[in-house]
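Below: one structure, written as structure tokens.
In this chain, numbering begins with 1 at the start of the sequence shown.
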Amino acid sequence: MKNKLYFTQFDTIRFFAMLAIMLYHYLTHRVPGGFLGVDIFLVLSGFLVTSQMESKYQQGIKEPYFKKLWSRIRKLWWPMLVVSMFSLTFLVLFRRQLLVNIGINLVSSLLFVNNWHQILSGSSYFANMLHPSVMTHYWYIAVYMQFMVIWPICYKLTRRLTKTKQQSGLLMIGLAILSAVLMAILFKPGADPSRVYYGTDTRFFSIALGGAAAQLIDVDLLDQKLSDKVGKWKHWLIDGLLVIIMAIMTWAMMNLTDSQPVTYYGGMFAFNALSGILVALLTFPGSWVAYLLKFKPLRWLGQRTFHMYLWYYPINVLFHMVPTSQNWFTGSIWPQIILIIVLACLSYALLEEKRWTVPIFNQAKTDKPGHVMTQLKAVFKKQTPILTKVLFVAFAFIFIGGMTAVAISKPAENVTVEEKAAADQAKKIEEQNKKRAEQAKQAEQSVSAYKQELTPDQLAYYEGISAEQARFAYQLRSHLWAIH
């Protein structure tokens with residue numbers, strides 16, 4: 001790859017993966033395997049991170065581990081916090097019934113352990129929850145950051161234990177297989193698969209297969225070999241293979257479901273392996289498929305997929321899963337998807353590009369941190385632009401709203417709607433059975449008291465019938481007396 005580590009075609013792949021994730025949540029019956037879009041993100045991350053580390057390894061450059069890790073944390077943490085505060089403020093104003101478990105969900109998300117919190121609390125990514133959280137989707141960001149902690153160490157170990165990067169890649173495949181086997185062991189057919197879907201251990205093969213693709217598929221060497229064997233047909237061969245892989249992956253997204261055993265018994269692993277091959281071959285020089293994926297509007301959208309990911313689940317929860325009323329907006333998915341994209345573009349421009357700076361909350365990267373009171377005074381100076389003042393008030397408002405949400409939220413168990421309905425039905429049946437038993441007991445006591453008042457001839461009539469018939473005869477007699 002001649003040390004080229006950024007490929008614009010990957011941005012388009014990210015956008016398609018993000019679109020699949022959104023369609024999975026909005027049109028599950030049509031795109032049941034759209035959840036696999038997250039796997040593409042993880043494989044792509046494994047490929048790029050490993051490529052960067054291998055390039056520096058070859059050059060003898062040692063990058064400080066904690067410096068790089070802190071850089072990644074800072075890039076993710078602030079947008080997560082801002083979007084979370086905005087969502088929580090919305091809940092305080094319009095959806096207070098969803099203010100449950102906010103504190104622990106927010107803390108676990110910002111500490112990048114949301115996936116394990118959900119596993120331990122029994123939450124489900126796939127079931128319709130009675131108390132859906134606007135932070136459920138942060139499981140992926142937690143998994144990603146955990147991989148960013150683990151993977152550089154794994155890479156260094158594989159490089160120390162092997163002589164070539166190809167051998168390192170084979171060792172990565174071995175680690176990926178172990179992770180996939182663990183997923184198959186822990187998965188229980190018929191049970192909720194969230195444990196194996198959320199787990200860092202059972203999803204490790206995604207990052208490992210991406211890394212293995214970076215180590216094993218040398219496109220420059222492949223280009224040279226194909227030139228010697230097939231000449232000018234090499235591009236047709238690579239592009240044909242890319243089209244086939246993309247077709248298979250699209251088929252998987254349209255057919256694999258989140259509950260099928262085949263998904264967890266190798267289906268997801270195979271999808272990830274194809275994703276790794278796809279990503280690696282898209283770096284092949286002269287590929288027409290890669291050239292088409294460099295279409296600027298799609299690349300532009302792809303650069304904003306992290307912000308789309310931050311926004312898509314809150315919008316889905318607030319307006320699709322639990323709408324307060326049915327209208328043109330809540331009843332149609334496309335206005336909501338457009339809203340997600342628009343919000344993502346705005347938050348990207350504000351928080352990433354710093355197009356509009358705000359003292360304290362959104363300072364330019366070149367600004368030196370100043371005293372809080374000094375910055376606060378700067379907001380209200382006459383020469384300060386109106387937009388800056390408006391944005392400052394907006395930031396302050398959503399942070400106050402977010403903290404209010406944390407303060408007033410209540411703890412609640414994560415129970416699915418189906419489980420709640422079943423529990424309510426079981427409780428109703430139990431109450432009916434209890435009521436019937438009580439009525440039968442009272443009737444039995446009434447019949448016994450009535451028999452004591454009968455003459456021997458009258459009593460002989462009851463001795464020839466069952467207890468149930470006796471109760472019926474008594475109730476019929478009582479009913480007739482009540483009519484008269």
Side-chain angles (χ1 to χ4, degrees), residues 1-8 10-11 13-14 38-82 108-116 138-162 165 168-169 171-172 175-176 179 200-201 203-216 275-276 279-280 283 302-307 309-310 348 351-354 363-369:
M1 288 185 289
K2 298 180 181 178
N3 295 328
K4 183 180 179 182
L5 299 178
Y6 183 78
F7 299 88
T8 54
F10 290 165
D11 292 328
I13 291 296
R14 289 189 182 95
V38 172
D39 293 66
I40 296 175
F41 285 153
L42 292 173
V43 171
L44 190 53
S45 296
F47 179 86
L48 291 174
V49 170
T50 304
S51 298
Q52 292 168 1
M53 291 189 294
E54 181 63 28
S55 176
K56 290 177 180 178
Y57 179 85
Q58 296 288 352
Q59 299 175 58
I61 300 174
K62 292 184 179 180
E63 184 176 36
Y65 170 78
F66 290 103
K67 181 181 178 181
K68 187 66 175 178
L69 181 61
W70 177 242
S71 175
R72 290 191 173 106
I73 291 173
R74 288 179 60 189
K75 186 175 181 180
L76 300 180
W77 196 83
W78 183 243
M80 281 178 61
L81 180 61
V82 172
S108 65
S109 298
L110 296 178
L111 292 178
F112 303 108
V113 292
N114 178 279
N115 61 322
W116 288 106
Y138 287 162
W139 75 268
Y140 157 71
I141 301 174
V143 168
Y144 169 81
M145 276 309 307
Q146 289 161 27
F147 284 155
M148 292 303 102
V149 172
I150 298 169
W151 188 245
I153 299 172
C154 290
Y155 167 80
K156 289 182 180 179
L157 286 175
T158 61
R159 274 323 240 132
R160 283 187 180 182
L161 295 173
T162 58
K165 73 172 188 175
S168 169
L171 189 54
M172 291 175 186
L175 294 173
S179 174
T200 314
D201 49 357
R203 298 305 298 271
F204 183 77
F205 61 78
S206 297
I207 200 91
L209 288 173
Q215 297 295 79
L216 294 174
S275 300
V279 168
T283 65
Q303 292 165 0
R304 288 149 179 80
T305 49
F306 174 63
H307 286 256
Y309 189 85
L310 293 178
Y348 181 86
L351 303 174
E352 302 282 349
E353 297 178 325
K354 305 287 184 180
Q363 293 180 278
K365 296 177 181 179
T366 55
D367 291 346
K368 293 183 179 179

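Contact check for Ile40 versus Arg14: no side-chain heavy atoms found under the 4.5 Å cut-off. When side chains are defined from C-beta on, Tyr140 does not count as touching Asn114, because their heavy atoms never get closer than 4.5 Å. Val279 places none of its side-chain heavy atoms less than 4.5 Å from the side chain of Phe7. Considering only heavy atoms from C-beta on, Leu310 comes within 4.5 Å of Ile141 through its side chain. Put simply, the side chain of Ser275 does not reach to within 4.5 Å of the side chain of Asp39, judged on heavy atoms. Counting heavy atoms from C-beta outward, Arg159 and Lys165 have side chains that approach closer than 4.5 Å. Two residues are said to be in side-chain contact when any heavy atoms from C-beta on lie closer than 4.5 Å; Phe204 and Ile150 meet this criterion. Under the 4.5 Å side-chain criterion, counting only non-hydrogen atoms from C-beta, Tyr57 is not in contact with Lys156.
Atom CE of residue Met53 and atom CD of residue Gln58 lie 13.0 Å apart, to the nearest 0.5 angstrom. In this structure, CE on Met145 lies 11.5 Å from CG on Leu111, to the nearest 0.5 angstrom. To the nearest 0.5 angstrom, Ile153 atom CD1 is 12.0 Å from Thr158 atom OG1. To the nearest 0.5 Å, atoms CH2 (Trp116) and OG1 (Thr200) are separated by 5.0 Å. The CE atom of Met148 lies 4.0 Å from the CD1 atom of Ile207; values are rounded to the nearest 0.5 Å. Atom-to-atom distance recorded for Met80:CE and Phe112:CZ is 5.0 Å, nearest 0.5 angstrom.
The existence of a salt bridge linking Glu63 and Lys56 is confirmed by a sub-4.0 Å separation between a basic side-chain nitrogen and an acidic carboxylate oxygen. Under the 4.0 Å criterion applied to side-chain N and carboxylate O atoms, Lys75 and Glu352 are not assigned as salt-bridge partners.
The heavy-atom pair separating Leu110 from Trp77 by the smallest distance is O-NE1, 3.2 Å. Counting all heavy atoms, side chain and backbone alike, His307 lies closest to Pro79 at CE1-CB, 3.9 Å. Taking each heavy atom of Ala212 and Gly169 in turn, the nearest pair found is CB-O, 3.6 Å. Across every non-hydrogen atom of Trp139 and Arg203, the tightest pair is CH2-NH1, 3.7 Å. Shown here for Ala142 and Asn115, the closest heavy-atom pair between the two residues is CB-OD1, 3.5 Å. In terms of heavy-atom proximity, Val113 sits nearest to Gln146 at CA-NE2, 3.8 Å.
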Inset, instruction - List the steps, then state whether side-chain contact (heavy atoms from CB on, under 4.5 Å) holds for Arg72 with Val49. - result: CA-CA 12 Å; Arg72 290 191 173 106; Val49 170; 3.7 Å; yes
Legend entry - side-chain contact (heavy atoms from CB on, under 4.5 Å) evaluation trace for Leu76 with Tyr144: CA-CA 10 Å; Leu76 300 180; Tyr144 169 81; 3.7 Å; yes
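Looking only at distances, no side-chain donor or acceptor of Ser55 sits under 3.5 Å from a matching main-chain atom of Gln52. At least one donor-acceptor pair closer than 3.5 Å links the side chain of Ser45 to the backbone N or O of Phe41.
Few gaps surround CH2 on Trp78; more than 12 heavy atoms of other groups in view lie less than 6.0 Å from it.
The aromatic rings of Phe10 and Phe47 sit perpendicular, their planes meeting at an angle over 60°, well past the 30° parallel limit.
Between the side chains of Trp151 and Thr50, at least one donor N or O lies within less than 3.5 Å of an accepting N or O.
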